Amino acid sequence: KILSPAGTVQLRFSFDASAAKNKTLVCFEYASEKTEKENENSTYHDSTNGGTDIASHADIDDEAQSVHLVSVETKAEDKLTGMHIGLAREGAVTIDHVTSRGLIPGMKYKVTGVLVDKSTGRPLRSRDDREITAEASFTAAAAEETVDLTFTYDASLLEGTTAVAFEKLYLDGTDSPENPPIAVHE
């Protein structure tokens, strides 16, 4: 029922977006008159059900109607060996090559990472009991960018441990309720 000639309606789409990684989704909107043949309790009606479109916005190129779904892939390696095997030594360096896809060129992003014990799923800790972390900020020049996270730590404490890197990608900023990660690789 139309109550005024102008107004705003917020639509929420809930779906499994895992199959749409690296895609850009564009929302099309149609306002239609409800037909008599439609059920009064129906929440879905449009011109395909015999109604008449009275307004529409269906512009595939409208950036304001677009949602970019971003993904992150990584490859970590020991700096000394160049492989997935490192030495349990002080001053160990793990390089995590983080490739993000679905970025918007010109936007600023931040990638954070933490090394995790593969057997426990818990973050690895340094000699002074801090998590072993790394971060990098960048401005996307293209829809796909690769940045390196460099973890430097005392691996002599971790002999026999398999470390995996977990990463989060943010629009420029830090993790907060107002700025959650836009992609996670764990």
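All heavy atoms count here, side chains included; hydrogens, waters and symmetry mates do not. Just so we're clear, the structure is a prediction, and the values are computed from it rather than from any experiment. Starting from 1, each residue takes its place in the sequence as its number.
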Step-by-step side chain to side chain contact (heavy atoms under 4.5 Å, CB included) determination, L158 to L124 | CA-CA 9 Å; L158 306 172; L124 293 173; 4.0 Å; yes
Residue pair L171, K110: steps toward the side chain to side chain contact (heavy atoms under 4.5 Å, CB included) verdict | CA-CA 6 Å; L171 284 173; K110 180 178 180 179; over 6 Å; no
Is R122 salt-bridged to D117, cutoff N-O under 4.0 Å?
-> no
Calculate, to the nearest 0.5 Å, the distance between atoms NE2 and OG1 belonging to H185 and T99 respectively.
-> 10.5 Å
Cluster overlap F166 with I132, hydrophobic side-chain contacts below 4.5 Å = no
Taking C-beta and beyond as the side chain, do E186 and K168 meet within less than 4.5 Å on heavy atoms?
-> yes
Shared ILVMFWY cluster between I95 and V98, side chains joined below 4.5 angstrom?
-> no
Could you state whether V164 and Y153 fall into the same hydrophobic cluster, counting links through intermediate Ile, Leu, Val, Met, Phe, Trp or Tyr residues with side-chain heavy atoms under 4.5 angstrom apart?
-> no
Note, I182 side chain near Y170 side chain (heavy atom, < 4.5 Å) = no
Closest heavy-atom pair and its distance - T139, G106 = CG2-O, 3.6 Å
Any side-chain heavy atom of T94 within less than 4.5 Å of one from E77?
-> no
Y109 and V70: same hydrophobic cluster, using ILVMFWY side-chain contacts below 4.5 Å?
-> yes
Here the gap from F151 atom CZ to K79 atom NZ, rounded to the nearest 0.5 Å, amounts to 14.0 Å
Report yes if the side chains of V93 and T150 come closer than 4.5 Å at any heavy-atom pair, otherwise no.
-> yes
Give the intermediate values and the outcome of side chain to side chain contact (heavy atoms under 4.5 Å, CB included) for residues L103 and F138.
-> CA-CA 11 Å; L103 305 175; F138 64 99; 3.8 Å; yes
Inspect the contact between R101 and E145 and indicate whether a charged nitrogen and a carboxylate oxygen are less than 4.0 angstrom apart.
-> no
Closest non-hydrogen atoms of L149 and A136, given as atom of the first, atom of the second and distance, are CD2-N, 3.6 Å
Side-chain contact test, heavy atoms from C-beta onward, threshold under 4.5 Å: evaluate it for D59 versus Q65 and give yes or no.
-> no
One should read off an interatomic distance between S137 OG and D172 CG, to the nearest 0.5 angstrom, of 6.0 Å
Taking atom types as modelled, find out whether H97 and E73 have a side-chain donor-acceptor pair closer than 3.5 angstrom.
-> no
Between L87 and L80, the two heavy atoms sitting closest are CD1-CD2, 3.6 Å
Kindly indicate whether the side chain of S71, heavy atoms from C-beta on, has any atom under 4.5 Å from the side chain of E144.
-> no
Minimum-distance pair of heavy atoms, taken over all atoms of P105 and A141 = CB-O, 3.9 Å
Does atom CZ of R130 have more than 12 heavy-atom neighbours, drawn from other residues, nucleotides or ligands, at distances under 6.0 Å?
-> no
E167 vs D96 side-chain heavy atoms within contact, under 4.5 Å = yes
Determine whether L169 and I104 fall in the same hydrophobic cluster, where Ile, Leu, Val, Met, Phe, Trp and Tyr are linked whenever their side-chain heavy atoms lie under 4.5 Å apart.
-> yes
Which atoms form the tightest heavy-atom contact between R127 and S156, and what is the distance?
-> NH2-OG, 3.8 Å
Do D78 and I85 come close enough that some side-chain heavy atom pair is under 4.5 Å?
-> no
